[in-house]
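Notes for the one structure printed next.
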Protein chains: 2
Amino acid sequence: MSVHGLKLAPPDCGDCPIRHRAVCSRCDGPELARLEEMKYYRSFEAGQNVVWSGDRMDFVASVVSGIASLTQTMEDGRRQMVGLLLPSDFVGRPGRGVAPYDVTATTDLVMCCFRRKPFEEMMVTTPHVAQRLLEMTLDELDAAREWMLLLGRKTAREKIASLLAILARRDTGLKAKAAKGPISFDLPLTREEMADYLGLTLETVSRQMNALKRDGVVELAERRRIVVPNFDRLAEETGDDSDGGFLS
Amino acid sequence: MSVHGLKLAPPDCGDCPIRHRAVCSRCDGPELARLEEMKYYRSFEAGQNVVWSGDRMDFVASVVSGIASLTQTMEDGRRQMVGLLLPSDFVGRPGRGVAPYDVTATTDLVMCCFRRKPFEEMMVTTPHVAQRLLEMTLDELDAAREWMLLLGRKTAREKIASLLAILARRDTGLKAKAAKGPISFDLPLTREEMADYLGLTLETVSRQMNALKRDGVVELAERRRIVVPNFDRLAEETGDDSDGGFLS
DNA sequence: GGGCGCATTTGATCCTGATCAAGGCAATCA
DNA sequence: TGATTGCCTTGATCAGGATCAAATGCGCCC
């Protein structure tokens with residue numbers, strides 16, 4: 001599953017996703033030990049900034065728990081979120097020392113970090129890592145391009161439905177679509193954050209959320225609690241092809 | 001320079017960009033020879049389709065000359081271009097055999113292709129290739145995210161100005177911004193293609209192009225010939241930070 | 001309990017860009 | 001030469017979402 005390339009860590013993963021995402025699936029042995037030595041953790045509170053656009057960024061990292069967001073800001077304050085980082089997602093770029101966008105902790109956040117230089121050196125001697133990162137980056141690129149379709153061509157209602165469908169799928173694993181029963185999950189974003197992600201204003205987000213509620217597509221029990229009684233019904237509202245995409 | 005990650009091949013490159021982009025900068029020797037053996041060329045006429053979304057895609061390729069576009073289409077026909085491939089750009093994904101979007105020749109096009117399986121096998125034994133592809137993919141991801149800001153938050157006028165600025169820079173090399181004199185270039189896209197790229201309608205594209213002309217920002221000599229008398233003036237219209245981005 | 005701050009909802013109005021509809025222009029072809 | 005076609009421009013109108021403004025609800029702290 002993916003929200004901008006964020007894929008869930010397999011359920012049997014240990015505490016440090018980079019092990020599994022970037023390395024474990026392909027190799028064992030000394031590389032793992034080297035990664036283990038290099039890693040360190042950083043925690044952030046909800047709302048706290050991780051790095052600002054333009055800052056030096058001398059580490060790469062993997063999200064352990066919580067959600068981080070990537071946003072771009074224009075001079076006059078217009079903001080566009082360009083990615084959400086969920087647990088097991090990777091952030092930072094081997095080979096570049098400057099952050100291209102703001103990274104912010106949307107919820108309380110723990111990241112597993114590696115200093116950039118030694119990580120880059122390890123990449124040279126451990127080809128599996130580069131290959132794994134390439135796969136992950138290609139997934140993110142696909143997700144970003146899917147988001148471009150949403151931003152450029154979908155209506156406000158379709159945008160909201162698409163976001164809710166993605167979050168619903170994520171919280172119930174890959175088989176959400178097959179699930180017949182109702183799905184419920186917590187919304188990790190404020191209306192404003194949703195707006196920044198969808199290229200809308202917070203007022204429009206609020207109105208369309210309530211429109212979907214009026215039409216019985218979702219139920220808003222508490223402010224941040226969403227119940228989707230019928231996932232297929234929600235999926236119809238997204239404007240996407242009904243088949244839900246190709247599975248590799 | 002980059003239009004969705006399309007970087008110009010360095011001027012001293014030979015005829016097959018993949019050599020230079022994916023391999024040459026880092027290594028010489030037998031890998032080059034193997035790539036040379038594997039490659040073959042395919043040509044397409046302007047307007048011709050290269051692959052449809054959902055097709056099997058058993059090759060990866062690099063653009064030699066011409067321009068290809070990547071587009072996504074919704075069931076009801078709404079279209080969003082999600083990338084332009086310029087010479088030296090890479091298309092196709094090691095590890096996946098199905099195309100995620102339509103690829104179309106926007107102009108006459110020549111691509112340098114490699115069958116996917118042997119290319120993947122070579123990646124395993126030649127780590128430089130994966131590393132180079134990772135760099136290229138990260139560049140594309142950044143470009144896609146920049147485009148998300150454009151699609152989500154810019155006005156129609158800013159969108160047009162941004163596209164023209166990118167094309168103007170591309171046609172004059174990296175130093176366009178420094179160039180004091182007028183810049184002129186051919187527009188490789190129809191109004192409709194521009195609209196699909198920018199998330200607008202072709203009528204709005206036409207109107208805003210003429211508005212920029214009225215305001216003296218650009219001159220439209222012939223239909224497809226653009227003259228930018230003062231690049232800085234155009235850059236002001238894009239809404240982007242004046243510094244034009246960080247250079248690594 | 002009262003007051004404050006924040007997220008959200010709701011309402012009224014405005015405006016940008018979409019939509020619908022002609023018309024122009026240049027290249028190609030009969 | 002006139003007809004056709006593709007691409008672009010222009011005009012009139014419409015509507016979806018933005019903007020401005022106010023109210024509501026909720027948690028929190030004193």
Side-chain angles (χ1 to χ4, degrees), chain A residues 45-48 69 74 76-80 104 106-107 150-164 186-215 218-226 237 239, chain B residues 45-48 69 74 76-80 104 106-107 150-164 186-215 218-226 237 239:
Chain A
E45 287 173 23
Q48 216 180 339
S69 63
M74 292 171 70
D76 60 6
R78 281 176 281 176
R79 289 162 54 87
Q80 178 63 51
T104 309
T106 293
T107 64
L150 177 145
L151 290 172
R153 295 302 187 193
K154 287 190 179 179
T155 65
R157 184 179 174 105
E158 288 168 340
K159 287 178 176 182
I160 301 282
S162 299
L163 178 58
L164 293 179
D186 282 317
L187 200 56
L189 304 171
T190 66
R191 298 287 183 266
E192 185 170 20
E193 286 165 338
M194 292 175 70
D196 284 344
Y197 202 23
L198 299 170
L200 298 170
T201 59
L202 75 168
E203 293 96 330
T204 297
V205 170
S206 177
R207 276 187 254 268
Q208 295 296 338
M209 291 277 286
N210 287 305
L212 288 174
K213 178 183 172 187
R214 267 198 306 282
D215 299 344
V218 298
E219 292 157 25
L220 307 178
E222 299 139 66
R223 273 287 181 293
R224 296 293 189 86
R225 188 87 197 156
I226 306 283
E237 298 281 352
Chain B
E45 288 173 20
Q48 217 180 339
S69 63
M74 292 171 69
D76 60 5
R78 281 176 281 176
R79 289 163 55 86
Q80 177 64 50
T104 310
T106 294
T107 63
L150 177 145
L151 290 172
R153 294 301 187 196
K154 287 189 179 179
T155 65
R157 175 183 256 249
E158 288 169 340
K159 286 178 176 182
I160 301 282
S162 299
L163 178 57
L164 294 179
D186 282 316
L187 201 55
L189 304 171
T190 66
R191 297 287 183 265
E192 186 171 19
E193 286 164 338
M194 292 175 70
D196 284 343
Y197 202 25
L198 299 171
L200 298 170
T201 59
L202 74 166
E203 293 95 331
T204 298
V205 170
S206 178
R207 276 186 253 267
Q208 294 296 338
M209 290 275 289
N210 287 305
L212 288 174
K213 177 183 172 187
R214 268 199 304 283
D215 298 345
V218 298
E219 292 157 25
L220 307 179
E222 298 140 68
R223 276 283 183 296
R224 297 292 191 85
R225 188 86 197 156
I226 306 284
E237 298 282 352

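Every chain is numbered from 1 and lettered A, B, ... according to where its sequence line falls, protein lines coming before strand lines.
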Exercise for review: Apply salt bridge (charged side-chain N to carboxylate O under 4.0 Å, His left out) to the pair R78(A) and E158(B), showing each step before the final yes or no.
Suggested key: CA-CA 13 Å; R78(A) 281 176 281 176; E158(B) 288 169 340; 2.8 Å; yes
Practice item. Grab the CD-C1' distance between E158(B) and dG17(C) for me, whole Å please. Key: 14 Å
Exercise for review: For E192(A) and for E203(B), locate the closest nucleotide of DNA chain C by heavy-atom distance; then report the residue assigned to the nucleotide nearer the 5' terminus.
Suggested key: E192(A)
Point to revise | Nucleotide nearest T190(A) (side chain, heavy atoms from C-beta), chosen from dG17(D), dT8(C), dT10(C) | key: dT8(C)
Review point. Between L187(B) and M194(B), is any pair of side-chain heavy atoms under 4.5 Å apart?
Key: yes
Review point. For DNA chain C, what are the stems built from at least three Watson-Crick or G-U pairs in a row, each pair having both distances below 3.5 Å?
Key: C:1-30 with D:1-30
Practice item. Name the nucleic acid region contacted by G47(B), choosing base, sugar-phosphate or nothing; use a 4.0 angstrom heavy-atom cut-off, strictly under. Key: nothing
Review point. Does any N or O donor sit under 3.5 Å from an N or O acceptor when you compare the side chain of R207(A) with the base of dG11(C)?
Key: yes
Check your understanding: Would R224(A) and D186(A) pass as an ion pair if we require N to O under 4.0 Å?
Key -> no
Point to revise | Rounded interatomic separation in angstrom, taking CG from L198(B) and P from dT16(C) | key: 18 Å
Exercise for review: From the options dT10(C), dG17(C), dA18(D), select the nucleotide whose nearest atom is closest to the side chain of T204(A).
Suggested key: dA18(D)
Check your understanding: D186(B) CG to dC7(D) P: how many Å, rounded?
Key -> 16 Å
Practice item. State whether the side chain of K159(B) and the backbone N or O of L198(B) hold a donor-acceptor pair below 3.5 Å, judged by distance alone. Key: yes
Point to revise | Length of the CG-C1' vector between L202(B) and dC20(C), whole Å | key: 12 Å
Practice item. Scan L200(B) against the nucleic acid and name what it touches under 4.0 Å (heavy atoms): base, sugar-phosphate only, or nothing. Key: sugar-phosphate
Exercise for review: Using a 4.0 Å heavy-atom cut-off across all strands, classify T201(A) as base, sugar-phosphate, or nothing.
Suggested key: base
Practice item. Starting at atom CD of Q208(A), determine the distance to atom C1' of dT8(C), rounded to an integer number of angstrom. Key: 15 Å
Exercise for review: Go through dT9(D), dG17(D), dC7(D) for me and flag the one nearest to the R224(B) side chain.
Suggested key: dC7(D)
Point to revise | Separation between CG of D196(A) and CZ of R191(A), rounded to the nearest 0.5 Å | key: 14.0 Å
Review point. Are the side chains of E219(A) and K213(A) in touch, meaning some heavy atoms are under 4.5 Å apart?
Key: no
Check your understanding: Donor-acceptor pair, Q80(A) side chain versus Y197(A) backbone, under 3.5 Å?
Key -> yes
